[in-house]
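Because the structure is predicted, anything quoted here is derived from the model rather than measured.
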2 protein chains.
Amino acid sequence: MATISDVAKRSGLSKTTVSRVINNYPHVTPEKREKVLKAMEELAYTPSPAARRMRGQLKSSIGIIVTRITNPFFTYLVDAIEQLAYKKGYQVMVFQSNDDREKELKYLSLLKTKQVDGIILAATVNEWETIEPFTEYGPIVFCNEFIKGTGLPTVRLDEVGASYEGMMHLIGRGHTKIAYCTGGVLEGNERNIGFQRALKEAGIDLNLQWIFLNKYNIDGGKQVVRAMLRMDDRPTAVFAGGDEVAAGIILEAKEAGLRIPEDLAVIGFDDQPLAELLDPKLTTIRQPVKQMGEEALENMITALNSGSVKNADRILSAELVVRQTT
Amino acid sequence: MATISDVAKRSGLSKTTVSRVINNYPHVTPEKREKVLKAMEELAYTPSPAARRMRGQLKSSIGIIVTRITNPFFTYLVDAIEQLAYKKGYQVMVFQSNDDREKELKYLSLLKTKQVDGIILAATVNEWETIEPFTEYGPIVFCNEFIKGTGLPTVRLDEVGASYEGMMHLIGRGHTKIAYCTGGVLEGNERNIGFQRALKEAGIDLNLQWIFLNKYNIDGGKQVVRAMLRMDDRPTAVFAGGDEVAAGIILEAKEAGLRIPEDLAVIGFDDQPLAELLDPKLTTIRQPVKQMGEEALENMITALNSGSVKNADRILSAELVVRQTT
DNA sequence: ATGAAAGCGCTAACAA
DNA sequence: TTGTTAGCGCTTTCAT
């Protein structure tokens, strides 16, 4: 591999001048620039990333922390980011936190040692106090995930509006007995605000019996149906909170002889590929994953280039996709 | 960030000695080693990866080239690799070739510039002649993908055995009119050998009309059914070559009023999560993705440490998962 | 067993 | 506008 010295020698100029050309500095006469370029060409020279990185000049590797890449939402997010990153000349490292605080911190630490130049945080299990110190070592931007008042560039879904729209769709279909599933808990969750707002506007009382917490996969969905079957007063519709939960609900409901949507209407969240595979096809709320990923990456690149992060809280809208389960 | 000099100063020893401790070299007295360790501890010192990398000492970032990460097979492969890599202290970079020769080469080139220390090739669209030169710059190992006679460590599925087993299952169910789908072409493909072997053993003639090439997604599966419906002599079973193709087949067949498996038996390939979501649930051939990824990573680590690759061609067995479509 | 010094490939301060 | 020189943080001869 040719080095900068080789190029200097071959072009009859100094390393400095070559460096200037590489980095597009001013004050280099066109002729000399040409000479350098020619020498680089002839030697098939590429600057050593390791050396440039050591000098703090190279910033091209971006880490993205997700919970689990097998979660289709994250899969598509990583896909979108990688596609754009490639075009822009960046490499992306995939980090799965597995919802493990330790693991997340280990990955954040890569920023400290410059193993990665910036991190897109798409999921986090740590408190802001724990994360904050890392911002000193390199840019961190939020994508999908969001912590209030951090001042970090954020791209996220309008969760309130999304769940509100989904609920209004169910209510518009005449439902008043609506069950609600969520991956986490009830409070402090944006999405739940939209849910409750819709209920209130429609003058429907919140029935805590129909709230299912910690449901985030197919099994969770099945559990929901089993629980509902045991009730005297059953809901006629369910806001699943996720397509996979919705899938579990549909599977188990059909198993139990319920007709969908006649006996039970179901609305998912995410619009994953499986939504169209289900029978009946799933009505769901589509997230603008691609856009989310791309804007987050743009934020990252800006931060990398400017050396500072701009406080931008970008909120994207979801889109209701009506199919057959409502 | 503390540097090696700081540690040297604090411990009252030379940088050389510190370096020796870091790299576990012999000829360092236990007491001095202790001193160094203590100083490192106190300064919270971590060697600079960039510097070590420049000296050719650090090898911790592994790239994995896949076609598209949204293909669940690759998703799970990347997942398996990342999980193990984390434990072993490596970082994985995800590269999507999108079946684009150029893009694949760009990513392979990262090896040249040491942006990545080794590459796990899980899919390739380039010829061996094109890839081979890159082996000079860092280890390349095959995983899932496979090119004959390269001498590179390979972990792959026993495709012949897998398709043979799937076919024998259909034949055992009494089918003799079996359609066959494949993502690529017919010849030069291991999987097709098993298919033809099973036919031959059962004394069934190959009906070229029932061979469908270039089918690799849901749409492809739908096309297959539409084509079959136009035939006078229709197959009673279909080997889908992939779960997504199988999904398309099932969807379209149901649409057309065909009963599954009575009118048309379907067997998939991969055992993706969607297999259990389909109605009826998909009989399919499960690939040992996790094991495949882990063994490939082990090969990579070995290569990284030894500086050379051992020629190992590891072949893993698939497992037939019988559900409701056969 | 230990250290001084040179050098990996690059950039930056300072001169010229 | 260009070059000289001194590092960045680490490893590696080569002495001692």
| task | From the options C/dC10, C/dT2, C/dG3, select the nucleotide whose nearest atom is closest to the side chain of B/Thr29. | result | C/dT2
| Check: A/Arg55 side chain, D/dG7 base, donor-acceptor under 3.5 Å | yes
| note | Among the nucleotides D/dT2, C/dT2, D/dG9, whichever has the atom closest to the side chain of B/Lys32 is C/dT2
| Between C/dT11 (P) and A/Asn24 (CG): distance, integer Å | 12 Å
| query | Starting at the 5' end of DNA chain D, which residue's closest nucleotide do you reach first, B/Arg20 or B/Arg52? | reply | B/Arg52
| request: Identify which nucleotide among D/dC8, D/dT2, D/dT11 has an atom closest to any side-chain atom of A/Met54, counting heavy atoms from C-beta outward. | output: D/dC8
| field | Proximity to the side chain of B/Ser48 - top-ranked nucleotide from D/dG9, D/dG7, D/dT11 | value | D/dG9
| remark: Separation of C/dC10 atom P from A/Leu58 atom CG, nearest Å, is 12 Å
| Length of the NZ-P vector between A/Lys9 and C/dC10, whole Å | 13 Å
| Under 3.5 Å, is there a donor-acceptor pair linking the side chains of B/Asn98 and B/Gln96? | no
| message | Can you tell me which nucleotide in D/dA6, D/dC10, D/dT1 comes closest to the side chain of B/Thr3? | response | D/dC10
| message | With a cut-off of less than 4.0 Å, is there a side-chain N or O of A/Gln57 near OP1 or OP2 of C/dA12? | response | yes
| field | Presence of B/Ser14 side-chain N/O under 4.0 Å of C/dT2 phosphate oxygens OP1/OP2 | value | no
| Is it true that atom NZ of A/Lys103 has more than 12 heavy atoms of other residues, nucleotides or ligands lying nearer than 6.0 Å? | yes
| query | When you measure from the side chain of B/Val28, which nucleotide among C/dT11, D/dC10, C/dT2 comes out closest? | reply | C/dT2
| task | Quickly work out the B/Ile22 CD1 to C/dT2 C1' distance and round it to whole Å. | result | 16 Å
| query | Side chains of A/Val78 and A/Ile81: closer than 4.5 Å at any heavy-atom pair? | reply | no
| query | Closest nucleotide of DNA chain C for B/Lys15 versus for B/Gly12: which of these residues is on the 5' side? | reply | B/Gly12
| What is the distance from CZ of A/Arg53 to P of D/dC10, rounded to the nearest Å? | 16 Å
| How close or far is atom C1' of D/dC10 from atom CE of B/Met1, stated in whole angstroms? | 15 Å
| Touch check for A/Thr16, heavy atoms < 4.0 angstrom, all strands: base, sugar-phosphate only, or nothing? | base
| message | What is the distance, to the nearest angstrom, from the CD1 atom on A/Ile4 to the P atom on D/dG3? | response | 12 Å
| Which is true for B/Pro47 with a 4.0 Å heavy-atom rule: it touches a base, it touches only sugar-phosphate, or it touches nothing? | sugar-phosphate
| said: Is it the case that over 12 heavy atoms from other parts of the model lie below 6.0 angstrom from the CD atom of B/Glu42? | reply: yes
| said: Measure NZ/A/Lys114 against C1'/D/dC8 and give the value in whole Å, please. | reply: 13 Å
| query | Under 4.0 Å: is that the gap between some side-chain N or O of B/Ser19 and OP1 or OP2 of D/dT11? | reply | yes
| query | Any side-chain donor-acceptor pair under 3.5 Å between B/Glu295 and B/Asn299? | reply | no
| message | So, OP1 or OP2 of D/dT13: does either fall under 4.0 Å of a side-chain N or O from B/Tyr25? | response | no
| request: Indicate whether any N or O donor in one side chain lies under 3.5 Å from an N or O acceptor in the other, for B/Thr17 and B/Ser14. | output: yes
